[in-house]
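One structure is given here, and the rest of the page talks about it.
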Amino acid sequence: MAIERTLSIIKPDATERNITGKINAMFEDAGLRIVAQRRIRLSREQAEAFYDVHKERSFFGELVDYMISGPVVAQVLEGENAVLAHRTVMGATNPAQADEGTVRKEFALNVQENSVHGSDSVENAAKEISFFFSDAEIVG
Ligand code: ADP
Ligand code: MG
């Protein structure tokens, strides 16, 4: 089993409802360890750059508006197969399709305000982690 790191973001709908601890308890219970963490307010430029891969999607403008509507918690999670393990605990993008016991089933409001972001591959995780954190800020 490979020890990986993945980028996790607790999104504005969740910080607004004060459930960051409840969400992180689910990640920790799944064996993931928080090795870097920062609560920040994204600028429009940062949100657009982070979601650049989605810039042609119809929901891009709405997604950026939502991601800058309140604070987020950006964090690095570490563990065995962390990228897939984190995505599994997050659940499907649309909470209507998310499995029982997942963060999105439990907490997401709708397909956009879905409480959490997670990297979707080891390669993207490395890029997304370096978007928010320097090596010195990650303490395993
Ligand atoms: P995921 O976050 O599960 O990797 P995507 O990468 O496809 O999902 O989408 C990024 C984010 O864009 C989603 O988490 C959600 O906040 C938003 N989003 C995705 N699909 C839609 C949609 N159809 N309408 C509105 N927002 C969406
Ligand atoms: Mg994605």
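Every heavy atom of this structure was used, including side-chain atoms; hydrogens, water molecules and symmetry mates were not.
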Item to complete: Show your reasoning for whether side-chain contact (heavy atoms from CB on, under 4.5 Å) applies to V103 and K22.
Response: CA-CA 9 Å; V103 172; K22 287 183 176 142; over 6 Å; no
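- Transitive grouping of hydrophobic side chains (ILVMFWY, heavy atoms separated by less than 4.5 Å) brings I68 and F59 into a common cluster.
- When hydrophobic clusters are built by joining Ile, Leu, Val, Met, Phe, Trp and Tyr residues whose side-chain heavy atoms come closer than 4.5 Å, directly or via intermediates, I129 is not grouped with V122.
- Atom CZ of residue R87 and atom OG of residue S8 lie 11.0 Å apart, to the nearest 0.5 angstrom.
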Item to complete: Give the intermediate values and the outcome of ring-ring contact (aromatic ring centres under 6.0 Å, His included) for residues F50 and F131.
Response: CA-CA 8 Å; F50 184 77; F131 188 91; 5.5 Å; yes
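- Rounding to the nearest 0.5 Å gives a distance of 11.0 Å between OG1 of T15 and CD1 of I40.
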Item to complete: Show the numbers, then the answer: is there a side-chain contact (heavy atoms from CB on, under 4.5 Å) between E78 and L32?
Response: CA-CA 6 Å; E78 184 179 83; L32 295 162; over 6 Å; no
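- Sorted by first and then second residue, the ring pair (Phe, Tyr, Trp, His ring centres under 6.0 Å) pairs involving residues 6-27 (not counting sequence neighbours) are F27-H86.
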Item to complete: Could you walk me through whether V76 and F132 pass side-chain contact (heavy atoms from CB on, under 4.5 Å), step by step?
Response: CA-CA 9 Å; V76 179; F132 287 102; over 6 Å; no
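- With E4 contributing its side chain and A82 its backbone, the two residues share a donor-acceptor pair below 3.5 Å.
- When every heavy atom of N124 is checked against every heavy atom of S121, the shortest pair comes out as N-OG, 3.0 Å.
- With rounding to the nearest 0.5 Å, the separation of CD in E62 from CD in E113 is 9.5 Å.
- Both I10 and V89 sit in one connected hydrophobic cluster of ILVMFWY residues. Membership requires side-chain heavy atoms under 4.5 Å apart, directly or through other members.
- For the residue pair S130 and K127, the shortest heavy atom distance occurs at OG-O, 2.9 Å.
- The distance from the NZ atom of K11 to the CD1 atom of I23 is 10.5 Å, given to the nearest 0.5 Å.
- Residue A47 comes nearest to M67 through the heavy atom pair CB-CB, 4.4 Å, listed as atom of the first residue, atom of the second, then distance.
- Surrounding CG of N110 are more than 12 heavy atoms belonging to other residues, nucleotides or ligands, all under 6.0 Å away.
- Within a 6.0 Å radius of CG in D52, other residues, nucleotides and ligands contribute more than 12 heavy atoms.
- Residue pairs satisfying the side-chain hydrogen bond (donor to acceptor under 3.5 Å, both in side chains) criterion with at least one member in residues 93-108, sequence neighbours excluded, are absent.
- Of the inter-residue distances, the one linking L77 atom CG with N24 atom CG reads 7.0 Å to the nearest 0.5 angstrom.
- Of all heavy-atom pairs spanning T6 and A125, the tightest one is CA-CB, 4.0 Å.
- M26 and V35 are assigned to two separate hydrophobic clusters, defined by single-linkage of ILVMFWY side chains at heavy-atom distances under 4.5 Å.
- In this structure, the side chain of N114 engages the main chain of V111 through a donor-acceptor pair within 3.5 Å.
- Residue P12 comes nearest to V72 through the heavy atom pair CD-CG1, 3.6 Å, listed as atom of the first residue, atom of the second, then distance.
- Proximity of a side-chain donor or acceptor of R38 to a complementary backbone N or O of E137 within less than 3.5 Å is not detected.
- Under a hydrophobic-cluster definition in which Ile, Leu, Val, Met, Phe, Trp and Tyr are linked whenever side-chain heavy atoms come within less than 4.5 Å, directly or via other members, F60 and I9 are assigned to the same cluster.
- Side chain of R17 to main chain of F107: a donor-acceptor pair is present (N/O by atom type, distance under 3.5 Å, no hydrogens or angles).
- Atom CD of residue E128 and atom CG of residue D120 lie 7.0 Å apart, to the nearest 0.5 angstrom.
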